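Chain identifiers are assigned alphabetically (A, B, ...) following the order of the sequence lines, protein sequences preceding nucleic acid strands; residue numbering begins at 1 within each chain. Here the structure is a predicted model, which is why all the values come from computation and not from measurement.
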Protein chains: 2
Amino acid sequence: MDSRPELGTVFDEIAIMVRRLSTAGQLNMTAAAVLARLRRKGPQRLTELAICEGVSQPGMTQLVTRLEREGLARRTPDASDRRVVLVEATPEGLDLVERRRAERAAALHELVGALSPADRAAIDAALPALTRLVEIHRES
Amino acid sequence: MDSRPELGTVFDEIAIMVRRLSTAGQLNMTAAAVLARLRRKGPQRLTELAICEGVSQPGMTQLVTRLEREGLARRTPDASDRRVVLVEATPEGLDLVERRRAERAAALHELVGALSPADRAAIDAALPALTRLVEIHRES
DNA sequence: TATTGTTATACTCTATAACTATA
DNA sequence: TATAGTTATAGAGTATAACAATA
């Protein structure tokens, strides 16, 4: 009998938890991921965003249109290839990403504060390893 | 300057990763969560499922109807109160939850295998603490 | 011709409001 | 009257197919 918590199950529950922790701006998960990516990496091609976020090209066209309508992102042309559309976050979009990050961090800080010092230390010690795990997945 | 990985950011990326790791049965996240809950806790009232998963009562009615149509869950009456509907997973539903769990576990096992032994140990050591963190959130 | 992006259209999911049945 | 659930209806989101513009 193996009664230890299983990594997949714990991750699954972390996913559910995270989904409920940042609610500012009422973005769905894909929209939030696109904005966060635009902040991390700067302007991106529409097609590249579609591939990286795992949605169709028309799906990304429509998502960017929504973000644009809400003032969170804008389209700019690419001077070297006029078929291309570059998408970038507006200051409002960047601000929203930051507000969501802060909101999540505050909620997590409170939850972590309810743990024992030993538990806090264990999570803290695992953070770099978890980061590398996520990176390995992103590259595959 | 704090260049350490931040807990919220790492959790956010874990959420994105998990969403792409279990795809069997083509369930959306809410449907998967409901089935997993039915397996964990046994038959539940429709209203209770709606509250716990954060969807409206009509939304849960429709989700359960879809699960029923796909043979993954069934409705049964409550003998003591005839207004109540109890929802339970069918054997097919339980089997699908298990297949998704196994699929996720296998994918994660492969990713974890690419980490250093020290990283693996750190994640392993943090598992009970992460479980308690998730529990604290669930109770709040 | 191939590639980048958009438009047209249809389907899934989920919400609110109004309803039925039971307590 | 209050509660459990369903039905009616509408809107958001996303997919595939067909299209337009540029390379």
Side-chain angles (χ1 to χ4, degrees), chain A residues 15-16 19-20 22-38 43-88 93 96, chain B residues 15-16 19-20 22-38 41-88 93 96:
Chain A
I16 290 168
R19 193 164 43 125
R20 294 178 180 176
S22 27
T23 58
Q26 315 211 64
L27 299 176
N28 70 25
M29 248 181 326
T30 311
V34 165
L35 271 187
R37 161 175 281 265
L38 291 176
Q44 310 260 305
R45 286 183 177 209
L46 194 138
T47 300
E48 191 179 3
L49 288 174
I51 293 168
C52 294
E53 302 304 335
V55 301
S56 67
Q57 202 178 62
M60 188 52 69
T61 289
Q62 292 166 67
L63 169 51
V64 170
T65 300
R66 284 197 300 278
L67 291 175
E68 219 168 20
R69 196 170 49 223
E70 288 157 32
L72 302 171
R74 75 169 71 91
R75 287 171 164 92
T76 58
D78 180 327
S80 71
D81 182 341
R82 291 190 303 172
R83 293 170 305 181
V84 169
V85 163
L86 292 174
V87 183
E88 68 180 327
L96 179 55
Chain B
I16 290 168
R19 192 163 44 125
R20 294 179 180 175
S22 25
T23 59
Q26 315 211 63
L27 300 176
N28 69 25
M29 250 180 325
T30 311
V34 166
L35 273 185
R37 162 176 280 263
L38 291 176
K41 306 220 174 179
Q44 310 261 305
R45 285 184 177 208
L46 194 137
T47 300
E48 192 179 3
L49 288 175
I51 293 167
C52 295
E53 302 304 334
V55 301
S56 68
Q57 201 178 62
M60 187 52 69
T61 289
Q62 293 167 65
L63 170 51
V64 169
T65 300
R66 287 197 299 279
L67 291 174
E68 220 167 21
R69 196 169 52 223
E70 288 157 31
L72 301 172
R74 75 168 72 90
R75 286 172 165 89
T76 58
D78 181 326
S80 71
D81 183 341
R82 291 190 303 171
R83 293 171 304 182
V84 169
V85 163
L86 292 174
V87 184
E88 68 180 327
L96 179 55

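- Atom pair Leu86(B):CG and dG5(D):C1' shows a separation of 12 Å (rounding to whole Å applied).
- Under the side-chain contact (heavy atoms from CB on, under 4.5 Å) criterion, Thr23(A) pairs with Glu103(A), sequence neighbours left out.
- Separating the CZ atom of Arg45(B) from the C1' atom of dG5(D) is a distance of 11 Å, rounded to the nearest angstrom.
- If you measure from atom CG of Leu49(B) to atom P of dT6(D), you get 11 Å, rounded to the nearest angstrom.
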task: At under 4.0 Å between heavy atoms, which parts of nucleotides 14-23 of chain D does protein reach? Answer with one letter per nucleotide, 5' to 3': B base, S sugar-phosphate only, - none.
output: BBBB----BS
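- Proximity of Leu63(A) to Leu49(A): side-chain heavy atoms (C-beta onward) are nowhere separated by under 4.5 Å.
- The phosphate of dG5(C) (OP1 or OP2) has a side-chain N or O of Thr47(A) nearer than 4.0 angstrom.
- Here the closest heavy-atom approach between residue Met60(A) and residue Leu46(A) is recorded as CG-O, 3.6 Å.
- Taking atom CD of residue Glu53(B) and atom P of nucleotide dT14(C), one finds them 11 Å apart after rounding to whole Å.
- Distance Leu67(A) CG to dA12(D) P: 15 Å, rounded to the nearest Å.
- Spacing between atom CG of Leu27(A) and atom C1' of dA12(D) amounts to 13 Å, rounded to whole angstrom units.
- For Ile51(B) and dA15(C), the CD1 to C1' distance is 16 Å, given to the nearest whole Å.
- Distance Leu46(A) CG to dT6(C) C1': 10 Å, rounded to the nearest Å.
- Taking all atoms of both residues into account, the shortest heavy-atom contact from Leu38(A) to Val87(A) is CD2-O, 3.4 Å.
- The shortest side-chain heavy-atom distance between Arg66(A) and Leu72(A) does not fall under the 4.5 Å cut-off.
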message: Under the criterion side chain to side chain contact (heavy atoms under 4.5 Å, CB included), I'd like the reasoning laid out for Val64(A) against Val85(A): C-alpha separation, chi angles, the key distance, then a yes or no.
response: CA-CA 11 Å; Val64(A) 170; Val85(A) 163; 6.0 Å; no
